[in-house]
Amino acid sequence: MAKTLLIDIEKIFPDRRVSMRTELDLATSWTVLFGPSGAGKTTILRCLAGLEKPDYGEIRYDGETWFSSNGPSFVPPQKRRIGFFFQDYALFPHLSVRGNIRYNLTGTPASDKEARVEEMIETFGLSGLEERNVRTLSGGEKQKVALARTLCRRPRLLLLDEPFAALDTPSRIRFRKELRALLDGFDIPIILVTHDRTEALSLGDRMIVMDRGMVLQAGPITEVFSKPNQKTTAGIVGMENVFPGTLTEKRDGLALVKVKDVLLEAVDIGLTPGQVMVGIRAEDIILETSEGARSSARNRLHGTIKAVMPEESLVRLTIDCGFPIDALITRESREEMGLEVLTEVTLSVKATVIHLFPH
Amino acid sequence: MITEPLILSIKLAAVVSALLFLIGVPLAGWLSITRLRWKFLIEAVVALPIVLPPTVLGYYILVSISPDSILGSMYLDVFGSALPFSFEGLVFASILYSLPFAVQPFLASFESVDPRLSEAAWTLGASRLKTFLTIVIPSSVQGLITGGVLSFAHTLGEFGVVLLVGGNIPGSTRVVSISIYDNVQALEYEQAGQTALTLLVFSFLVLSVVYATNRRVWAIWPKHF
């Protein structure tokens, strides 16, 4: 049986409540807890770490009970062997970089311990900074020290609370890439809390969308983005069409991306060829019924309408063009063009509305 | 001779501050983490000496340590001497009298340590005690120094409690403030003036040195990291 993390908890605050019921496969490396601020993401993460006690329910890690309200049992944070990454790093200000990393490393022979600390300093590129006081480090360096400190004791589960929130945008993009590469080497399940869609798409394998203390949807990241189960989710994720693709070629400022058998042209944002996530908002897709007219749109796809769903003043059409894609148009347009299930249409998509995310 | 009372006062203040570290740090540490509902009662008891007239406090201490009391008779049985009107009795009284001046700065600085630092230590496997000793205490140096200085200075300057509990025995309970009072009563203004000036200069020097060092510590140690 696969190892799972069972989360079925409820935490009550005077003014709100946060609850979650889900079972995570621990073989999946990155799970993103996504939602607007105040959604309760951090509360869930703190409950998993044992820093907060839920009021009801249970948490079970691979059959081991971490929390149960009928029992009641509670494993303190010290005994859970998890890694917790704090938004503002929570480095110990009176200790050096090395002092932070080796803090409370116990139970191993001293030589082993030092070797591990050295290994961490090496892995995270902190050589030369070992004796520096952590207060004098840059944001990116602090982030690395905090990660090295957490990973030095080989946690069974890594919890990251908005790890990029304290960085400026350019470093954020750079560190995101580095972080994924670094952490993939450790082979630990990771739960990442973020409210940043780009971050979720770049790092996540699975996604749990939360809002106002409730889980709206959970599933593989492409599925959550492309099949939001309710309007709130769609509003929060903000992008209905997300598919994995391969960046095959770049030329003249354009990036050629292959999704299934279809080749799309998107604006090149400096990504390297390889796996990417492709995102298109449903409202950015233009539909035509006849072919032949010239258009400035770089992408023209042909497909058949599979579903028609009215949404207030708009209509959502799901079109199969080798892969399913959603388009959002006005009711008037739909009536004028006589669009029904099985109508054949041409989709025009400008290169500028195709968003690429490294994955 | 003014040196004997002065040395006695400094000795008393030093012993009391040292003992207050041993009592005050665990007490403040416990107060900073306990979720006990009745915590405020303990805080109120600790703070009582700030508002009570020293004579009131002195009276209760004297009654509670007299050989007729439980505490006093126990002490007499164990050590073979009575607490009232002895140096040990003064130490006991001064600890109670100066307790808030140690505990409150300790508590304030423990509580101002970012709770996430402690939480980080817990997730790294450190016990609550270890976290307190290795994270909270080193981050509270300023509060510890302040508490130490205040309890030292407060003990050095006490009068009412000493008079009631210790009396006026040269070499044993006759501290600086009592000797000045005595001199004035006996119209020995010159003597009183010398002692008073010595105490003034000494106190000023101690406080200056401590605050100067303290400031240097904190200039390279910003609280908000």
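Excluded from the calculations below are hydrogen atoms, water molecules and symmetry mates; all remaining heavy atoms, backbone and side chain alike, are included. Every chain is numbered from 1, with letters handed out A, B, ... down the list of sequences.
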Problem set entry | Atom pair CG (A:L91) and CG (B:D114), whose distance is rounded to the nearest 0.5 Å | 11.0 Å

For this session: Measure from the side-chain N and O atoms of A:Q78 to the backbone N and O of B:A126, and report whether any donor-acceptor pair falls under 3.5 Å.
Result: yes

For this session: Name the member of A:R80, A:R149, A:K79 that forms the most heavy-atom pairs with chain B at distances under 4.5 Å.
Result: A:R149

For this session: Check whether any side-chain heavy atom of B:I135 lies under 4.5 Å from a side-chain heavy atom of A:H94, and answer yes or no.
Result: yes

Problem set entry | Smallest separation among heavy atoms of B:L117 and A:P93, with atom names | CD1-CD, 3.7 Å

Exercise. Is any residue of residues 38-58 of chain A within less than 4.5 Å of chain B by heavy atoms, and which ones?
Worked result: A:R46, A:L51

For this session: Working to the nearest 0.5 Å, report the span between OG1 of A:T150 and CG of B:L124.
Result: 6.0 Å

For this session: Not counting sequence neighbours, which residues clear ring-ring contact (aromatic ring centres under 6.0 Å, His included) with A:F67? List them please.
Result: none

Exercise. Minimum heavy-atom separation for B:K130 to A:Y103, with atom names?
Worked result: O-OH, 4.1 Å

Exercise. Under a 4.5 Å cut-off applied to non-hydrogen side-chain atoms, are A:F92 and B:T134 in contact?
Worked result: no

Exercise. With B:A196, which residues qualify under side-chain contact (heavy atoms from CB on, under 4.5 Å), at least two apart?
Worked result: B:I180

Problem set entry | Rounded distance [0.5 Å steps], CZ in A:F84 versus CZ in B:R116 | 10.0 Å

For this session: For B:A153, check side-chain contact (heavy atoms from CB on, under 4.5 Å) against everything at least two apart and list the hits.
Result: none

